[in-house]
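Naming: A, B, ... by sequence-line order, numbering from 1 per chain.
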2 protein chains.
Amino acid sequence: MTFLSTLDYLPHIAFDSVVFGFSKGKLKILLMEYHATGWFALPGGFVKRNETLEEAVKKGLFERTGLHDVYLDQFHTFGSLERFKPEVMKRIFEASNHPIDSDHWLLDRFLSIGYYALIDHEKVTLQPDAISDSIAWYDIDQLPSLILDHDKIVQKALQTLRENLDRKLIGGNLLPDRFTMNELQAVYEAILGEKLRRTSFQRKMLSMDILERHEKLFTGKSHKAPYLYSFKTQ
Amino acid sequence: MTFLSTLDYLPHIAFDSVVFGFSKGKLKILLMEYHATGWFALPGGFVKRNETLEEAVKKGLFERTGLHDVYLDQFHTFGSLERFKPEVMKRIFEASNHPIDSDHWLLDRFLSIGYYALIDHEKVTLQPDAISDSIAWYDIDQLPSLILDHDKIVQKALQTLRENLDRKLIGGNLLPDRFTMNELQAVYEAILGEKLRRTSFQRKMLSMDILERHEKLFTGKSHKAPYLYSFKTQ
DNA sequence: TTAATATTGTCTCTCAGTGGAACAATAGAT
DNA sequence: ATCTATTGTTCCACTGAGAGACAATATTAA
């Protein structure tokens with residue numbers, strides 16, 4: 001069969017991407033659903049023999065979101081044995097009209113390298129892959145339960161994102177180019193899962209000298225208009 | 001052949017360990033040398049089909065150091081193509097009297113999961129493996145050049161260790177159970193690569209309420225004797 | 001035209017933590 | 001008893017954050 005031939009890919013090696021987006025004040029991630037089973041999973045993929053791990057992840061991300069040049073960070077590699085459930089994978093391929101033999105390499109044990117991505121929710125055009133029926137955004141604190149160890153992968157991704165948020169100044173990757181201070185604060189609050197003080201947040205952001213101030217944003221509301229900001233490109 | 005049969009191991013998957021120790025005021029790591037080639041490499045290994053990634057790493061570490069229950073942290077997975085140099089691996093196996101065929105699975109492409117370990121330098125009894133001629137400590141800023149991408153692996157390990165040093169309070173793992181404040185400070189300085197202020201360091205450590213103070217250590221020197229400390233087990 | 005309202009931008013006060021230095025304590029040598 | 005080297009502690013100045021107050025302003029209501 002030509003579908004995912006073992007000659008092209010490295011067996012036993014997979015990757016899973018936790019793609020974060022921000023919309024309507026909520027932090028969300030992308031999940032794929034296999035309708036025939038009702039199962040949810042992270043978007044992932046496999047590594048070809050002649051491509052870099054990172055190339056494979058970027059390609060997979062582009063195929064699902066249409067985006068190049070995405071903020072991407074590897075956070076952990078999962079190598080437990082609870083990952084190894086051939087019957088789950090077999091059912092998924094069967095339900096998608098791609099049945100595979102019992103000795104197929106895709107049913108063998110896999111280690112998975114976890115990446116998280118931060119993208120501008122508005123720029124995405126979602127595209128399911130060959131074996132999934134849909135891909136969509138899910139609120140980070142209203143996730144369905146996921147196959148295999150994907151719940152743990154999401155939790156670890158979120159933990160790493162929180163730890164890196166201040167250190168790497170990556171919050172802006174979830175917003176469009178120009179945004180208000182309030183929007184930036186909402187991103188931080190959604191990621192950290194806690195309210196922040198408005199004045200302290202503003203003071204801290206401005207003191208770091210990473211933001212550029214632009215024109216005001218007039219929304220038609222009856223109050224002072226906020227400035228728009230962008231991250232300095234240095 | 002029975003040596004590293006492909007039936008027992010997951011192909012394409014390896015791990016490498018950066019084992020940190022502290023001795024005579026210097027931060028050191030363990031390196032293996034293949035005498036016939038003069039090449040140096042990190043101690044690593046492969047994952048058996050029926051064991052967890054972490055089990056494999058711990059077992060490998062035990063075989064080389066004789067230590068169980070070591071502080072261990074996964075920091076990155078390396079998946080570039082510069083790792084793929086079959087001629088290097090072939091030469092190593094030939095030089096160690098374990099020649100392998102050109103199509104042997106060990107000559108194929110590998111991804112490697114990097115772990116770093118922190119151990120008490122004094123507790124180790126070093127043990128070379130089947131194909132390496134020696135294993136020994138090397139000063140972190142006087143390392144020989146290493147095979148494949150092992151230089152990058154070491155740098156990434158050191159970077160991660162520095163980032164985690166304060167956040168995870170892991171410095172004590174490089175010292176014996178009881179130590180003086182001066183020794184702890186020396187560990188921090190060796191890891192961070194910079195001098196710290198004595199009084200600030202002491203105040204910070206004591207204020208964190210993680211240290212237990214024990215008896216004084218009389219060294220015979222003509223000055224005030226320092227207290228011994230241990231980390232609280234909580 | 002003026003006042004009211006909601007939100008944003010800035011300032012002040014306070015307090016905790018750190019850099020830097022000084023001072024006190026002390027084990028052994030002289 | 002005095003000196004020396006090092007350790008434990010305290011003090012002062014500065015910085016950054018929490019908390020609140022106040023000023024600025026875009027629009028609506030009177």
Exercise. How many Å lie between CD on A:Glu215 and P on D:dA26, as a whole number?
Worked result: 14 Å
Seminar exercise, completed: Between CD of A:Gln185 and P of C:dT7 the distance, given in whole Å, is 13 Å
Exercise. From the list D:dT4, D:dT7, C:dT10, which nucleotide is the closest neighbour of the side chain of B:Arg198?
Worked result: D:dT7
Exercise. Are any of A:Arg197's side-chain N or O atoms less than 4.0 Å away from OP1 or OP2 of D:dA19?
Worked result: yes
Seminar exercise, completed: Checking C:dG20, C:dT12, C:dT10 against the side chain of A:Arg213 (C-beta onward), the nearest is C:dT10
Problem set entry | Any B:Ile113 side-chain heavy atom under 4.5 Å of A:Leu111 side chain | yes
For this session: Measure the distance from NZ on B:Lys224 to C1' on C:dG28 and round it to the nearest whole Å.
Result: 14 Å
Seminar exercise, completed: Per atom distances to the B:Lys204 side chain, the nearest of C:dT18, C:dA21, C:dG9 is C:dT18
For this session: Would you mind checking if A:Lys195 and A:Glu189 are paired as a salt bridge, meaning a charged N to carboxylate O distance below 4.0 Å?
Result: yes
Exercise. Between B:His121 and B:Phe22, does the ring centroid distance fall short of 6.0 Å?
Worked result: no
Exercise. How many Å lie between CG on B:Leu228 and C1' on D:dT7, as a whole number?
Worked result: 13 Å
For this session: Kindly point out which of D:dA19, D:dA5, C:dG20 is positioned nearest to the side chain of A:Ser200?
Result: D:dA19
Exercise. If you pin A:Ala225 and A:Arg203 to their nearest nucleotides in DNA chain C, which one's is more 5'?
Worked result: A:Ala225
Problem set entry | Within 45° cone of B:Tyr229 ring axis and under 6.0 Å: B:Arg213 NZ or CZ | no
For this session: Flag the pair B:Lys58 and B:Glu54 as a salt bridge only when some basic side-chain nitrogen lies within less than 4.0 angstrom of an acidic carboxylate oxygen.
Result: yes
Problem set entry | Whole-Å gap separating P (D:dA17) and NZ (A:Lys195) | 20 Å
Problem set entry | Residue whose nearest DNA chain D nucleotide is more 5′ - A:Lys221 or A:Thr199 | A:Thr199
For this session: Considering non-hydrogen atoms only, spot the tightest contact between A:Lys28 and A:Asp139 and give its length.
Result: CG-CA, 4.0 Å
Exercise. Does OP1 or OP2 of D:dT7 have a side-chain N or O of B:Asn182 closer than 4.0 Å?
Worked result: yes
For this session: Identify which nucleotide among D:dG18, C:dA27, C:dA25 has an atom closest to any side-chain atom of B:Ser222, counting heavy atoms from C-beta outward.
Result: C:dA27
Exercise. Counting side-chain heavy atoms from CB outward, which of D:dG8, C:dG9, D:dC11 is closest to B:Pro226?
Worked result: D:dG8
For this session: Would you kindly give the CG-to-C1' distance between A:Leu206 and D:dG16, to the nearest whole Å?
Result: 15 Å
For this session: Please report, rounded to the nearest Å, how far the P atom of C:dG17 is from the CE atom of B:Met208.
Result: 12 Å
For this session: Check the distance between C:dG19's C1' and B:Leu196's CG and give it to me in whole angstrom.
Result: 12 Å
Exercise. Nearest to the side chain of A:His223, which nucleotide is it out of C:dT18, C:dA6, C:dA27?
Worked result: C:dA6
For this session: Map A:Ser207 and A:Phe218 onto DNA chain D by nearest heavy atom, then report which one ends up closer to the 5' terminus.
Result: A:Ser207
Exercise. Which listed nucleotide (C:dA27, D:dA26, C:dG9) is nearest to the side chain of A:Lys216?
Worked result: D:dA26
